[in-house]
Amino acid sequence: MRPAALAAALALLVALAFLFNLSAGKVFIPPFGLAAGSADALIMAELRLPRALLALGIGAMLGAAGAALQGWLRNPLADPAVLGISASAALGSVLAIFLGAAATPAIVSAAGMAGAVVAMALLLLLVGGGASTTMFILAGVILSTLAGSLMALLISLAPTPFALGEIVTWSMGALTDRTMADAARALPFIALGLALLMPAARALDALSLGEETARSLGVRIGRMQALIMLGTGLGVGAGVAVSGVVGFVGLIVPHLLRPLAGEQPSAIILPSALGGAALLLTADALVRLVPGAQELKLGIAMALIGAPFFLLLLWRHRGRIG
Amino acid sequence: MRGFRLLLLLFAAAGPAAASPQRIVSMNPCIDQILVGVADARQIAGISHWSHDAAASAMNPAVARRFPAHFGTAEEVMALRPDLVLLSLHTPLATKAALQRMGVQTQEFGVPGSVAESHAQVLAVARAAGHAERGLAMVRAIDRALLASRHVGAQTPALIRMSSGLTPGEGTLIVQLMGHAGFRNQSAAYGLGMWDMAAVEPLVRRSPGLLLTDRPERLHPVLRRAGVRAVRFPGNLFACAGPGMARAAARLAEIRRGVRP
């Protein structure tokens, strides 16, 4: 498929998913023509719109980050959650909450971004040391487990059982009842993260020919790595601080789109951003449609979809990696 | 009916008192609150660490600090050389088993679902401490507080929702206290069960009446825009039965008196 046609089709899909996300819920609300001041208009403006905007931004960021990481590491299993970047961001945010910053969400967000950037820097050190594919995924798994354990440690030290419940609920990943202020805090950094990833795309193409070739083509590998580190760290960190850990988006989307977009990293990052947005918008609308007063946690729903997909991927790549 | 209940309580209180234990350790913050009210201070060898935190417990922090706290592991508890350990339904099975293996006397307490069950628990703890009469006094004090918090007349719709979303529903003790203080709990109207997480959207569509919450300043802006009134109800008041009930009932009555007809 031609890149422009693919992008246009995906953008249309995102628009449809956005409208679906706005109208879906325990009660369906049409996104247009609501009487000003009615309960429905209030719900649309203050609950569903921030939620849809966050799903759009976070989905796009996770999709793009997955595509960029897969290109950079030349590894089909790379994804912000698999490599422990999301868990490190969550650890940063929980640490901030634990130290008493719960009332200042800006600090919680900043700590989330710091956690993600530190995780990216650790991975960068490994790449600098010439780590193999297997080493990389292993390092990611260890990082993820360590961050998860440290988070559990902080939770077990939480001063009150109620604060504890709040952190546990948040860490499961959801966009329920987020405010416009949450969206305003996360979206600028997500936009910045996406903007940093885009210029790294061309360098990634050259890198796919091997590091020596890339260097001879004049690619500044250090600059490219810095862009990916900051872009992924800031964008994913800002998202996790608001939504908790939502995994698998960055893993699934590039694989679904590669047959349409081709293998070049530069050709897959933008479509993955669009595809990630459409996937998360749709998933976040579906979790609200489960029967009963409760909704399914978005992070859990994505794991239910993503884990079987991951296993399928491993099965199809068996013999080729490791 | 009332006389009969009192008789029953007296009977429960007048059980045979064995040699009273001299080093009691409580494993649960709710039992802690009863224990410090019915046992001699020198009888208490340890309470749970939650009770040392004023944000988590309804216990007066000055009182709590008089007793050593433990973090709920069997070895910490054994180091306090207890002759009686008061367990709760939530004490981990492994800890219970370890304590019992080491031959320490234990007694387990449940989670009261009504005022009568709470009274029975107070009396049981008092009896275990060898001070049945103090249990009876505590029950009477709680009854007096409940009587003082009683609202006669029209009930006003209300909902308790913690800032985490946690909402107690029908069947919980706190909702019974709400009814007692003149509130009609709305959780069932939203399809919520005993302890459910309430989303914000249904509260915008249909007002819960008065919203009781631990942190009114963190109320979702859409609820403020929708004109939902929120008042503070501390999170440490709704988790325990026993003497904490008296404070919860008093706070509910105070809130109810502030409601304009």
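All chains are named by letter (A, B, ...) in the order of the sequence lines, taking the proteins before the strands, and each is independently numbered beginning at 1. Computed over heavy atoms, backbone and side chain alike; hydrogens, waters and symmetry mates excluded.
- Comment: Glu201(B) does not engage Arg288(A) in a salt bridge, judged by the lack of any side-chain N to carboxylate O separation of less than 4.0 angstrom.
- Contacts of Arg206(B) classified as salt bridge (charged side-chain N to carboxylate O under 4.0 Å, His left out), with partners at least two apart in sequence or in another chain: none.
- Residue pairs satisfying the salt bridge (charged side-chain N to carboxylate O under 4.0 Å, His left out) criterion with at least one member in residues 164-174 of chain B, sequence neighbours excluded, are absent.
- By number of non-hydrogen pairs under 4.5 angstrom with chain B, the leading residue of Met180(A), Gln294(A), Glu295(A) is Gln294(A).
- With a threshold of 4.5 angstrom between heavy atoms, Arg48(A) approaches chain B through side-chain atoms but not through N, CA, C or O.
- Of the listed residues Asp40(A), Thr176(A), Ile43(A), the one with more heavy-atom pairs under 4.5 angstrom with chain B than any other is Ile43(A).
- Between His220(B) and Glu46(A), the shortest heavy-atom distance links the atoms CE1-O, 3.7 Å.
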